[in-house]
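Single-structure report; data block below.
Just follow the structure's listing: the first ligand is 1, and inside any ligand the first atom is 1.
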Amino acid sequence: MRLSWEIELQCSQCGAPISLEETDRLLTCSYCHVKLYLWTPSQFCYCLPALKASSENLIFIPYWRFKGVAYSVIPFEVRHRILDATLLASSHRMLPVTLGIKPQALKLRFASGEIQGTFIKPQMSLQEAVMLIQKQFQVLEGSLLNQPPFHREFIGELGSLVFFPVFVRNGAIVDGILGKAIGPEKDLVLDEAPSGIPDHWQIRPMSTLCPNCGNALKGGRESILLFCTSCHVAWNPSSGRLVASKFEVAPGKQDSSVYLPFWRMQVAVTGITLKSYADLARLANLPKMIQSEWEEQEVYFWIPAFRVPSSLFLRLSKQMTLFQPVEKTEAVLPNAHLRPVTFSEESAAASLKIHLAHLLTKKREYFPKLHEITIGPVESTLVFIPFTSTGSELVHPQLGIGLPRQTLSL
Ligand SMILES: [Zn+2]
Ligand SMILES: [Zn+2]
């Protein structure tokens, strides 16, 4: 069984079939070699395929699909759990509450106006669906711990809408995939059911040529930023057009083999004193003598801008933040492998409090006060840091950081 969902799409240039994973954003048609970036103004919407024989009068029922990591700060550690679920987005009691394993077993298609049928509008938002699932976990967790967590945060990786086809036959609602009756037709009251798909749900493939120089932009399949190595510009496609965004690169060495992207965030903190590197050293109880110039030194949070398993995500951020790389940087892309940016600035900002909790040494003293502490970004910059490959590890000797190459599938 696949873990990731598979989507089928037609190349918008030549019509050839393209198969992609649900996290893919940058795709290349293997026939005409056009490179496209998939963009949608809202969530990505998919349809599960219906039985051939049932292709008329299909009714598409909406389900939210979300995946991400739920962090909770408990006595006295930061715990994380992967949340991967689907949830019925309307209030019909007879319909299955989740899609189960259907999406893993079948190939999905992007929802589009070409698919005939009635599409039912979701009655709850993605946020509401996530909250509902979170609440169930919270109840479970609270009863195990005898107290609610000090803080919790859900960092989403995916949030999409999936339509499940049903149809009516002999007064019964029939599962459009398996052909089995689900319940009586009279129980499915579809009020204000709009036909067709609203325009803003449809995907719009974008060109991936540099708007400045026309060269092909670089990125990985799941990239959220694209780079032009000719004119040294980072392009952000998230608004539906390519917008130049700032980045910096730390100088590499001869043997630097890969540059890893981080969000360097200057933060505003209330409820706890964290204004300088000296404050950070005290909170994290660094085994170094606090030097007087540290009292004046600006402090930044460094958060990986690429997706890694949660334990590594927490560790990398803690190590980078405690080391505070201060090398001079410049906005020139190196002629070396750049790790694609796959973790957004917004998600990084949302994870700040979790990173703060993770690096505090006096957890018993500070965790109960976490709800009074606020932390948010004032300014953030994408910074590439060079790493060197040594056998099975990627290391940064000056920073004393190592991470297994395997987790990055290099
Ligand atoms: Zn093509
Ligand atoms: Zn360019």
Open item on the list: Given 3.5 Å as the limit, does a donor-acceptor pair link the side chain of T208 with the main chain of K35, or not?
Closed with: yes
- [ ] Give the C-alpha distance, both sets of side-chain angles, the deciding distance and a yes or no for ring pair (Phe, Tyr, Trp, His ring centres under 6.0 Å) between F313 and H355.
- [x] CA-CA 9 Å; F313 178 66; H355 294 297; 4.8 Å; yes
Open item on the list: What I want to find out is whether R221 reaches D24 closely enough, with some N-O distance under 4.0 Å, to be called a salt bridge.
Closed with: yes
TODO: Compute whether any side-chain donor of one residue and acceptor of the other, for T342 and E222, lie under 3.5 angstrom apart.
DONE: no
Open item on the list: Closer than 2.8 Å to the Zn ion (ligand 2): does that hold for any N, O or S atom in H232?
Closed with: no
Task: Residue and atom names of protein N/O/S atoms that fall under 2.8 Å from the Zn ion (ligand 1) - done: C11 SG, C14 SG, C29 SG, C32 SG
- [ ] If you have a sec, read the angle at the Zn ion (ligand 2) from C210 atom SG over to C213 atom SG, to 10 degrees.
- [x] 110°
Open item on the list: Tell me whether the NZ or CZ atom of R25 lies within the 45° cone about the ring axis of F44 and under 6.0 Å from its centre.
Closed with: yes
TODO: Considering only NZ, NE, NH1 and NH2 on the basic side and carboxylate oxygens on the acidic side, decide whether E295 and R282 come within less than 4.0 Å.
DONE: yes
Open item on the list: Under a 3.5 Å threshold, yes or no: a donor from one side chain and an acceptor from the other, between E345 and S380?
Closed with: yes
